[in-house]
Structure formats: C-alpha cells, structure tokens
There are 2 protein chains.
Amino acid sequence: MQKNPVQCQFVAALDSIVGKWKPIILYHLLQGKPLRFNELRRLLPGITQRMLTLHLRELEEEDLVKRVIYPQIPPKVEYSITEYGKSLSPILESLHQWGAAHVERKQLKKENDEQ
Amino acid sequence: MQKNPVQCQFVAALDSIVGKWKPIILYHLLQGKPLRFNELRRLLPGITQRMLTLHLRELEEEDLVKRVIYPQIPPKVEYSITEYGKSLSPILESLHQWGAAHVERKQLKKENDEQ
DNA sequence: TGGTATAGTATTAAAAAAGGTACTGTAACG
DNA sequence: CGTTACAGTACCTTTTTTAATACTATACCA
C-alpha cells in the first residue's frame, strides 16, 4: 500500500485505532469485562447499529477484538479484547491523556482570546 | 462536538495526528531540523502540494508546527516543530513501533495462511 | 529568451467514511 | 395479543477526505 516504510508503519497502527468510534470501543473493552453488542451500544451514545457492527468487524479482522456467539434466543454475542489487543493499551492511554491535556489547553486559549 | 468526555479526548488527540500525511510530517519535523515546503514535499513522495499545504495549516492551527516566512524571492518558508509539538513525540514513537510490529505480524500471518 | 525553482491557491472530481431508516426472527413479559 | 429485547443486515444518502490539474509571481541561470 505504501512504499515508504515509515509511513506504512504509521498507517498500520492508525488504521487499527482510527475510525470515529474505534478508540472508545477499545477503551471500554480494555476495562476487561466482555460486553454484549447492546451493552456497547449503550456505552456509545450516538452510534448506530451499523457503525458499531462495521467497527467491531474491523477490529475483529485485525485480531484486536474477539467475538463469541452464544447460540440462544434471543441471541447473545460477547465482545472482548484479545491478548494482542491489550498491546494497544499504552498507546490508547497516552492518547487519552494527551487528548485531555489538549482539550484543556484549547479551552484556556479560547478563554484568553475572548478577553 | 462530543458530549462523551472520554471520546472527546480521543478525538482531540487523534485529530492532531490523523490525516493521511500528518504523522509522517510530524515525524520528519521531530528530527529537529526546520524544513522548507519543498523539502518536505520531497520527503513525502506522492503527496500533492495541496495536501501538504492543508495538513501543514492544520498542524499550525493546533500550535504543533511553526511557520516562518522569509520575505525574499523566490519565497522561502520554513516549518519546524513547536515545543508543544514535541509533546507528541512519545505517542508517535509508540505508534511507530507498534505499527512496525503490526506490519510484521500481518506478514507472518499471511505467510502461514498461504501454506 | 526560455527554463527552473520557490510556495503556494483555485477549481473540480473522485473516493472513503459515516449516517439514516427500515427490516429480519424468536422468545419472554405483561 | 401486542411490546420489547436481542444482534444484526440491506439499501440509500450525506459528509468528509483526498486527489488531479491548472494557475499565480518573481528571480536566477545558461
């Protein structure tokens, strides 16, 4: 896809993490407890079923999330983080912290500009 | 933009980093040396002038990159990382490493699948 | 005098991502 | 007997992102 190896590595990492809902899906699953489809949906206000499905499928495809189907009615499907997915934890944690600081910084700047 | 604070923080961080060329622009500028527009362009094979301009403007807007114009002809404009921009360094470094490992893992898997 | 380098902008088109709405089948609950 | 919960899929539209191409002005070099 990319000839430039450095860019390729960034792309590979970001593809796994990026998508409007992916980081927060991973964030919730990284709490450790497996979550059902609709539990996740409730944790992500504003997401549509379609978007949740799409992002979960992509995460599964990359072996970051595991999907377990319980053959019962009504259906039960549990999503959980994989061992490999856990390796993303420090990155997401850093992003989360930097993001929080960035939001605060922006807010301060905005307040200064308003004076 | 986002009501969910956690998501908001991820979004804030990712917005700064994401964009097809942003991480690699930052990566090059994080080497320390200021770079001229066309120097960057040569470092990013495949990027169009427009894309480079757009991404640089966004990075400047977020105070991650500094733009210095030398009023001479032909024009000279230098881009460099800001002090604040340097705070992204550990995140980009982690992304880069994880990405490299992820690429390798995918490659191994592909080779296994082919047998 | 014609070509090259500089750092872009403008306009249009294409591709990718996200969103909206409706629909499925079954069981348990009231 | 109507409603709700479950975990989705199908189809279509909108928004966002990226790309392609042409264009600007000026100076230097041969």
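Quick caveat, the model's predicted, so the values are computed rather than measured. Each chain gets a letter, A, B and so on, in the order the sequences are listed, and its residues count up from 1.
- Taking the side chain of A:Pro74 as heavy atoms from C-beta on, and the options D:dA27, C:dG19, D:dC6, the nearest nucleotide is D:dC6.
- Close to D:dA7, at under 4.0 Å from its OP1 or OP2, lies no side-chain N or O of A:Arg42.
- Taking side-chain N and O atoms only, B:Lys20 has a distance below 4.0 Å to OP1 or OP2 of D:dA19.
- The only option from B:Arg36, B:Arg41, B:Arg42 that meets the side-chain hydrogen bond (donor to acceptor under 3.5 Å, both in side chains) definition with B:Asn38 turns out to be B:Arg41.
- Across all strands, B:Arg36 comes closer than 4.0 Å only to sugar-phosphate atoms, never to a base (heavy-atom distances).
- To the nearest 0.5 Å, atom CG of residue A:Leu92 and atom CG of residue A:Leu26 are 5.5 Å apart.
- Of all nucleotides listed (C:dA7, C:dA18, D:dT18), C:dA18 comes nearest to the side chain of A:Arg50.
- When heavy atoms are screened at a 4.0 angstrom cut-off, B:Arg67 is found touching the sugar-phosphate backbone but no base atom.
- B:Tyr79 comes within 4.0 angstrom of sugar-phosphate atoms only, judged by non-hydrogen atoms across all strands, and of no base.
- The shortest distance between the side-chain N/O atoms of B:His55 and the OP1/OP2 oxygens of D:dT17 is not below 4.0 Å.
- In the set D:dA7, D:dA19, C:dG8, the nucleotide with an atom closest to the side chain of A:Phe37 is D:dA7.
- Of the residues near DNA chain D, A:Thr53 and A:Pro75, the one whose nearest nucleotide (by heavy atom distance) lies more toward the 5' end is A:Pro75.
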